[in-house]
Amino acid sequence: MPWPLYLALKQLFPSGRRLPFFTIISIMGVGLGVALMLVSTSVMGGFGHQIKTMIIDTQGEVQIRGRSPMEATAAVESAIAGVPAVAASSPYAQGVVMLEYGHRPAFPVIQGFDLARIRQVIPLNRYMTAGSLDDLDDDSVILSSLLAGSLGVNVGDKLDLYTPLMLERMKRNEVLLPREVRVAGIFRIGHQQLDSSTVLCSLRLMQDLYGLRQMVHGYNVRLKPGADPDAAVAALNRVLPPVARALTWFEANADFQAVLSFERNMIFFLLTFIVVVAAFSITSSLLVTVVRKTREIGLLGAMGGRARSVAACFCFQGLFIGVGGTVAGLGLGFLLLHYRNAAVHFIASFTMGQDVFEKFYQFSNLPAYTETKDVVIIVVFSVIASTLAGLIPAWRAAKLKPVEALRSE
Amino acid sequence: MSNPATVLRASGLRKNYPSGDRVLEVLSGVDLTVAAGESVSIRGESGSGKSTLLNILAGLDRPDAGELFWADEAAHQLSLGDLTARRGRFLGMVFQSYYLIPELDAFANVLMGARVIGGVGAAERARTAALLKRVGLAERGHHLPSQLSGGERQRVAVARALMNRPHVILADEPTGNLDERTGDSIVELLLGVCAEEKAALVLVTHNPAHAKKTARQLLLRDGRFAATL
Ligand SMILES: Nc1ncnc2c1ncn2[C@@H]1O[C@H](COP(=O)(O)OP(=O)(O)OP(=O)(O)O)[C@@H](O)[C@H]1O
Ligand SMILES: [Mg+2]
């Protein structure tokens, strides 16, 4: 073992003595930074993952959108089914309607699905909280939970639906009466945006409401397990007529995803400063060490140790603190992630109570999803920052002339 | 060239330090020849330049003028870096304040002498054990410097200086921090081991009794060696 490496190890972990304070504090500093970065990116990643699941569960992995309403011809259908990665597809049409219950109005987004095929694409059953998907027919709708709650509607109640088609007819002095529909069920996805204001109905009802005749707005597509969405989209776009375009779930929600990833990167960026601060504290402690050990550094020169080896000794100390801190931080981070729900519930029970907490944050369990890529970035970053922290002290040590070092008091 | 039996030869060494707007002339033409295995003592008042001379002999500092030979090698023509690379094998140093590395036990401190200039193997470990035994610390190898007395620490430092079988030991007031009896024993030890190891010894000391024990005694005064004691 080269002596700078040996001496660096011995100075951090002297044999037969307690760990020096410097070692413990430095490793803890880096470790805390690493643990926080790991926990926060994992939790952010968990939310992202949860949202991805919700989006895929409500839209399919791939969406085909018509630039304008498109004819759901057998040619289009067989083109979609002909792509090997496609497991199932289901046409949809969507728009905005006015809903009235009692004298309370609402303006939800309405989506019409082909009732015979939708189940193969979207596991809606999983999200039903009242009623049943099986009861849905051409004279009924399913409401999202928050919408149903705000209107005070229950399964079996009757609502009036008004559509933009009525305005058009009115211009031609025709009157189209609102459509009375029955509430067949209520669903809850578990995400504010998706739960707030959505109505589901049959494709035929939607086509009636919007005067679409046999046309649809697009298709939701489910891929075979393990299929690559990007490749599937490329394959679909080769066979689809020019009026339609396929998008992955990610592209279809690009704005939303951009906000999510911006938040994630921002938090990551801010937390890197914890490690930077820890690195600065390593620098200052090592600088103190250089001053304290001036005469030993002179002695190493007197014994034939080169200046660059002396410098290497301090760089190694930074590196070891970085590696030790990173390992400790990953350990602590994964431990925290493992017990995250207990921790959250514990804190919540102290500060606001469990029910208040769930009401405000819309989740009862903290999700976590750790990406290998993030772990690699955290490890590389913290080790590099700690090693750099040793550079200034190393440079100071290398600059010391042995004669002057030995003479210093 | 120099006689092969000459291990250290300096001629016309000069060293000035700037002091305000004047210069402080510390060494003004020092000549010194040390034969292999010879012991030499250097005395002189405080501030007479003994440490300055020793550092120049050790290649830690450069003279303003003069020549220095380490055996056959013209040390005054080498850079400080090259001197450092050769120093570990050519000479060993002992200081007043021991300068042991506090994180290493006695054994590791001695072995450090070998580590700094190369690898350590079974041979180096065996030599370390033998040296510790020779300086009377066979049982104390696992003790840290903080667990040793001043005299014991200096013994460890002596063993460390001898680790790489140097041609010369340069000792700068090695007894300065020790009581008289301990100091005597350290000087005895230095003389004894150097003789056994066939290393020359240059001993800087204030103690006339210690000086007398060396084969040759020199007095540094006014920047050069005085003709008589
Ligand atoms: N780097 C320096 N800059 C300026 N003056 C110096 C420097 N190093 C040594 N001196 C001066 O050189 C003179 C000789 O110093 P040196 O340490 O060699 O004396 P010494 O004989 O070893 O004294 P002592 O017996 O007290 O150890 C002193 O006057 C000292 O102040
Ligand atoms: Mg001195």
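Hydrogens, waters and symmetry mates play no part in the numbers below; they use all other heavy atoms, side chains included. First the proteins, then the strands, lettered A, B, ... as listed; each starts at 1.
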What residue in Glu296(A), Lys10(A), Met1(A) has the most heavy-atom pairs under 4.5 Å with chain B? Glu296(A)

Among Pro14(A), Gly305(A), Ser309(A), Ala302(A), which residue has the highest count of heavy-atom pairs closer than 4.5 Å to chain B? Ala302(A)

Tabulate, in ascending numerical order, the residues of residues 123-160 of chain B having at least one heavy atom closer than 4.5 Å to a heavy atom of chain A, or enter 'none'. Leu144(B), Arg160(B)

Holding to salt bridge (charged side-chain N to carboxylate O under 4.0 Å, His left out), I want the full list of residues that pass it with Arg292(A), two or more places apart in sequence or in another chain. none

Looking at Ser97(B), Pro102(B), Ser51(B), which has the largest count of heavy-atom pairs under 4.5 Å with chain A? Pro102(B)

With a 4.5 angstrom heavy-atom cut-off, which part of [X] approaches chain A: side chain, backbone, both or neither?
| X | result |
| --- | --- |
| Phe90(B) | neither |
| Pro166(B) | neither |
| Ala58(B) | neither |
| Leu100(B) | backbone |
| Met112(B) | both |

Compare every heavy atom of Ala171(B) with every heavy atom of Leu190(B), then report the nearest pair and how far apart it is. CD1-CB, 4.1 Å

Shortest non-hydrogen contact between Ala385(A) and Val275(A), atoms and distance: CB-CG1, 4.1 Å

At a 4.5 Å cut-off on heavy atoms, which part of Tyr6(A) comes close to chain B: side chain, backbone, both, or neither? side chain

Turns out that what part of Leu300(A) lies under 4.5 Å from chain B's heavy atoms comes down to both

Side chain [X], main chain [Y], donor-acceptor under 3.5 Å:
| X | Y | result |
| --- | --- | --- |
| Asn109(B) | Ile101(B) | yes |
| Lys50(B) | Gly44(B) | yes |
| Ser79(B) | Asp82(B) | yes |
| Thr294(A) | Val290(A) | yes |

Stepwise side chain to side chain donor-acceptor pair (under 3.5 Å) check, Thr326(A) with Ser382(A): CA-CA 7 Å; Thr326(A) 305; Ser382(A) 60; 2.8 Å; yes

With a 4.5 Å heavy-atom cut-off, do [X] and [Y] have their side chains touching?
| X | Y | answer |
| --- | --- | --- |
| Val40(B) | Thr214(B) | no |
| Val288(A) | Phe22(A) | no |
| Phe280(A) | Ile392(A) | no |

Using the side-chain hydrogen bond (donor to acceptor under 3.5 Å, both in side chains) criterion, which residues pair with Gln317(A)? Sequence neighbours excluded. Gln11(A)

Between Arg224(B) and Asp31(B) (salt bridge meaning N to carboxylate O under 4.0 Å), is one present in this structure? no

Hey, is CZ on Phe13(A) packed in by over 12 heavy atoms from elsewhere, all under 6.0 Å? yes

Quick check: under 4.5 Å, non-hydrogen atoms only, which of residues 31-42 of chain A neighbour chain B? none

